[in-house]
Amino acid sequence: MEIIKYINNLLIPKTCILCGKLITETIHLYPVCSACEDKQIENKGKICSICSYPLISEKDKCMRCRDGIFNYLYNRSVFNYTGDIKELIYQYKFNNCKNLSIYFSKSLSKLLFNNYPECIIIPVPGRSIIKKRKGWEHIDQITKILKHKYRLPVQKLLTRKGEKAQKTLSREKRAENLRKSIGFSKKIKKIPESVVLLDDVFTTGTTINECAGILKTAGVKNIFSLTIAID
Ligand SMILES: [Zn+2]
Ligand SMILES: [Zn+2]
C-alpha cells in the first residue's frame with residue numbers, strides 16, 4: 001500500500017497551497033511550487049542569542065530571554081512564524097497535509113547538516129492522542145524522513161503520556177503539566193553527549209526548556225534546540 005501511495009504522489013498533479021497554481025514538475029512530492037519555495041526567507045540576520053527571535057535593537061537577547069534560566073544552549077529556527085510559513089504549518093498540523101513533512105524535513109536537514117554534525121536529533125514527543133486520532137504525528141513524521149531519507153541520527157529519548165492541550169494554559173501551568181507528562185525513555189542504555197531537540201514552533205520555549213531539563217538530568221552535556229519556526 002505504501003508503494004502505491006508513493007507512486008500516486010509522484011503522478012497526481014498538485015496545486016500549490018500558497019499560490020494556487022498547478023505544479024508542473026512530474027516529480028514533486030509536496031504541495032508547494034518552486035517559485036513559492038524560493039520566496040521563503042530564512043531566519044537569519046540579527047537574532048536573539050538564546051531563542052533566535054529577530055531583533056531590531058542592538059541588544060544581544062530579546063525581552064523574553066533576558067531574565068530566563070535555560071536548560072539548553074540556544075534555539076535556532078529555520079523561518080519566522082509569519083505569512084506563508086504560518087499557513088504551511090497550519091495546513092500541515094491541522095489540515096492533514098502530511099506531504100508537507102517532506103518540505104519541512106528538507107528545510108531542517110540543511111541546518112542539521114551544517115550546524116549540528118555531532119548531534120543526535122531528539123524529537124519533542126507529541127501528544128499521543130493526536131497520533132491515535134490522525135494515524136500520524138507531525139514531528140514524528142518529520143523525524144522519520146530525517147532518519148530514513150537524510151540518514152541523520154535520531155533517538156527517541158523522550159516519552160509523553162497523555163495530557164491536556166497546552167494552548168489555553170498559563171506559562172506556569174504549562175510547565176507543570178509538561179513536567180508530569182514528559183519522561184525519559186527507559187529503553188535507552190547509552191546517553192549521548194550532544195543533542196538537538198526538534199520541534200515545530202518555538203513560542204514561549206517552555207516545552208523545549210522542560211525537555212532539555214529532563215535530558216540534562218539524565219546526563220546529556222550539550223543540548224541545542226531547532227524548530228521550523230520562531231513565533
Ligand atoms: Zn506556489
Ligand atoms: Zn530570545
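Atom CZ in Phe104 sits 5.0 Å away from atom CD1 in Ile89 (nearest 0.5 Å). Going from atom OH of Tyr103 over to atom SG of Cys97 covers 12.5 Å, rounded to the nearest 0.5 Å. We find the CD-CD1 distance between Gln155 and Ile120 to be 5.5 Å, quoted to the nearest 0.5 Å. Between the CZ atom of Phe184 and the CD1 atom of Ile191 there is a distance of 3.5 Å, given to the nearest 0.5 Å. Interatomic distance, His28 NE2 to Ser34 OG, rounded to the nearest 0.5 Å: 5.0 Å. One distance of note links OG of Ser107 with CD1 of Ile102; it measures 12.0 Å at 0.5 Å rounding.
Glu137 is linked by a salt bridge (charged side-chain N to carboxylate O under 4.0 Å, His left out) to nothing, counting only residues two or more places apart in sequence or in another chain. In this view, Lys149 and Ile145 satisfy the side chain to side chain contact (heavy atoms under 4.5 Å, CB included) rule, not counting sequence neighbours. Residues meeting the side chain to side chain contact (heavy atoms under 4.5 Å, CB included) test with Ile50, sequence neighbours left out: Cys48, Lys61, Cys65, Phe70, Tyr72. Judged as a ring-ring contact (aromatic ring centres under 6.0 Å, His included), and not counting sequence neighbours, Tyr81 has no contacts. Looking at residues two or more places apart in sequence or on another chain, you find a side chain to side chain contact (heavy atoms under 4.5 Å, CB included) between Lys21 and Cys19. Judged as a salt bridge (charged side-chain N to carboxylate O under 4.0 Å, His left out), and not counting sequence neighbours, Lys216 has no contacts. For Lys180, the salt bridge (charged side-chain N to carboxylate O under 4.0 Å, His left out) partners two or more places apart in sequence, or in a different chain, are Glu176. By the side chain to side chain contact (heavy atoms under 4.5 Å, CB included) test, Asn43 is found to be paired with Ile47, Ser52, Pro54, Ser77, Asn80, Ile230, residues two or more places apart in sequence or in another chain being considered. Qualifying ring-ring contact (aromatic ring centres under 6.0 Å, His included) partners for Phe113, counting only residues two or more places apart in sequence or in other chains: none.
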One pair to check against side chain to side chain contact (heavy atoms under 4.5 Å, CB included): Asn115 and Leu226. What are the steps and the verdict?
CA-CA 10 Å; Asn115 299 8; Leu226 176 65; over 6 Å; no
Give the intermediate values and the outcome of side chain to side chain contact (heavy atoms under 4.5 Å, CB included) for residues Val78 and Leu108.
CA-CA 7 Å; Val78 188; Leu108 287 162; 3.8 Å; yes
For a side chain to side chain contact (heavy atoms under 4.5 Å, CB included) check, start with the C-alpha distance between Ser101 and Tyr92, then their side-chain angles and the critical distance, and finish with the verdict.
CA-CA 7 Å; Ser101 57; Tyr92 179 49; 3.3 Å; yes
Go through the steps to decide whether Leu158 and Leu215 satisfy the test side chain to side chain contact (heavy atoms under 4.5 Å, CB included), and finish with yes or no.
CA-CA 8 Å; Leu158 301 171; Leu215 295 172; 3.9 Å; yes
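Sorted by first then second residue, the salt bridge (charged side-chain N to carboxylate O under 4.0 Å, His left out) pairs that include residues 40-50, not counting sequence neighbours, are Glu42-Lys44. The salt bridge (charged side-chain N to carboxylate O under 4.0 Å, His left out) pairs that include a residue from residues 101-119 are Glu37-Lys106, where partners are two or more places apart or lie in different chains.
Closest non-hydrogen pair, Cys119 versus Phe224, comes out as SG-CD1, 3.8 Å. Counting all heavy atoms, side chain and backbone alike, Ile223 lies closest to Asn71 at CD1-O, 3.9 Å.
The side-chain heavy atoms of Ser109 and Leu146, taken from C-beta on, include a pair separated by under 4.5 Å. By the 4.5 Å heavy-atom criterion applied to side chains, Lys156 and Pro125 are not counted as neighbours. In this structure, the side chains of Lys144 and Trp136 stay at 4.5 Å or more apart for every pair of heavy atoms. Annotation: side chain of Val32 is not in contact with side chain of Gln40 (no heavy-atom distance under 4.5 Å). Taking the side chain as every heavy atom from C-beta outward, Ile182 and Glu210 never approach each other to under 4.5 Å. Using a 4.5 Å heavy-atom threshold, the side chains of Thr15 and Pro31 count as separate. Using a 4.5 Å heavy-atom cutoff, the side chains of Cys33 and Leu18 are not in contact.
Within 6.0 Å of CG in Asp67 there are 12 or fewer heavy atoms belonging to other residues, nucleotides or ligands. Atom NZ of Lys134 sits in a crowded spot, with more than 12 heavy atoms from other residues, nucleotides or ligands closer than 6.0 Å.
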Cut-off 3.5 Å, no hydrogens considered: what does the side-chain donor-acceptor table look like for residues 194-203, sequence neighbours left out?
residue : atom : partner : partner atom : Å
Ser194  : OG   : Asn222  : ND2          : 2.9
Asp200  : OD2  : Lys93   : NZ           : 2.7
Asp200  : OD2  : His138  : NE2          : 3.1

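In this structure, the side chain of Asn75 engages the main chain of Cys51 through a donor-acceptor pair within 3.5 Å.
Clustering ILVMFWY residues whenever any of their side-chain heavy atoms sit less than 4.5 angstrom apart, transitively, puts Leu55 in a cluster other than the one holding Ile41.
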